[in-house]
Number of protein chains: 2
Amino acid sequence: MTRVSSLGMRAQAVIGRFLVRSNRTYLYERLVDGVNGVDATTYPVLSGLARVGPASATRLAAAIGLDRTATTRYASRLEAAGLLRRVPDARDGRATTLELTARGEAAVAAARRALAALFEDVLADWGEPEAERFVAGLERFVTALEQRHHAG
Amino acid sequence: MTRVSSLGMRAQAVIGRFLVRSNRTYLYERLVDGVNGVDATTYPVLSGLARVGPASATRLAAAIGLDRTATTRYASRLEAAGLLRRVPDARDGRATTLELTARGEAAVAAARRALAALFEDVLADWGEPEAERFVAGLERFVTALEQRHHAG
DNA sequence: TATTGTTATACTCTATAACTATA
DNA sequence: TATAGTTATAGAGTATAACAATA
């Protein structure tokens, strides 16, 4: 036996399937479908802002794993679509705070509902405790992965 | 209560975290780290070919969710690196079959082992039946998602 | 005429470099 | 001098269009 058990191999196989381009594209399409002014490129900015709250472009960029120059450009698109606004930081003349407008909040909520409905549908024929255990497992798994990532 | 339960919302939240760019990049780096001649761009072609077996560029492209023109170009890179070869199709003069070389097979195996080791590590402090249940759940979940996708 | 592989081209995403204003 | 935001630029990925060869 090698160090890598069959469980690890099964995990990499299924996660590999999950991460293939066609799947990601499918999920992003479902996510932004019918949400005006948002696409797969700008959604991470919108969603990240909803997650961390009002923030500077630099801080938001770090949170979503994107360069600050890309972040500010996508923020401009969302601003043009009326989904976020820029407000000057009163305590630092250099800084600008990005924050969602009411329509931006609504757009995020709609996108999340659409994705949640899809997953709800997928889990519909699972036993309730089974589905609950699985989602809890996902939360634990992703959190552990994030920690490993941030640890370097 | 809306149609979207909190479990669906929890699922979309955690999968959203999993799919963020920084996480995907991290996984792809781990995946191809130290595997010569393969990067995040060409890996899907290599891996897809391992999954479906020898195939034409057109068929492989459909399997990995990539355009056939991109597929054939990335295949050329992998060919130059000695990881796959092109063989003419005896029954159809237009077609070319892509197939992994021995080194290509070894590269895929190495990449998969690297990713499996990471996941193994993440799951190491889970109870064994818990980890097993979770991976089985993932397999069921991803399969259901793929079916929904292919259904349209 | 349709399809396969391939190349030419154009578009988008994203990072690095450069610029301006403020600390 | 360093940092925030922004814009200019360049490199990479990927699709559409075009082409040659074969069905």
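Lettering follows sequence order; numbering is per chain, from 1. Everything numeric in this text was worked out from a predicted model, so none of it was measured.
- At distances below 3.5 Å, at least one donor-acceptor pair connects side-chain atoms of B/Arg103 with backbone N or O atoms of B/Ala81.
- One atom, CZ of A/Arg94, and another, C1' of D/dA4, lie 6 Å apart when rounded to the nearest Å.
- Atom CG in A/Asp89 sits about 11 Å away from atom P in D/dA4, given to the nearest Å.
- Look at CZ on A/Arg91: it is 19 Å from P on D/dT3, rounded to the nearest Å.
- Taking atom CZ on B/Arg59 and atom C1' on C/dT3, their separation rounds to 16 Å, with Å as the unit.
- Sequence order on DNA chain C of the closest nucleotides to B/Thr58 and A/Asp92 puts B/Thr58 first from the 5' end.
- Under the side-chain contact (heavy atoms from CB on, under 4.5 Å) rule, A/Glu99 has a single partner from A/Arg85, A/Glu105, A/Arg86, which is A/Arg85.
- Here the CG atom belonging to A/Leu100 is positioned 8.5 Å from the CG atom belonging to A/Leu78, to the nearest 0.5 angstrom.
- Of the inter-residue distances, the one linking A/Asp33 atom CG with A/Leu118 atom CG reads 11.5 Å to the nearest 0.5 angstrom.
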* Sugar-phosphate or base contact per nucleotide [nucleotides 10-15 of chain C; S, B, -; heavy atom under 4.0 Å] -> ---SBB
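- When the P atom of D/dA4 is taken as reference, atom CG of A/Leu60 falls 14 Å away, rounded to whole Å.
- Counting non-hydrogen atoms under 4.0 angstrom, A/Ser76 reaches nothing in the nucleic acid.
- Of the candidates B/Leu145, B/Val14, B/Leu7, A/Phe119 forms a side-chain contact (heavy atoms from CB on, under 4.5 Å) with just one, namely B/Leu145.
- B/Thr71 contributes a side-chain N or O that, together with a main-chain N or O of B/Asp67, makes up a donor-acceptor pair within less than 3.5 Å.
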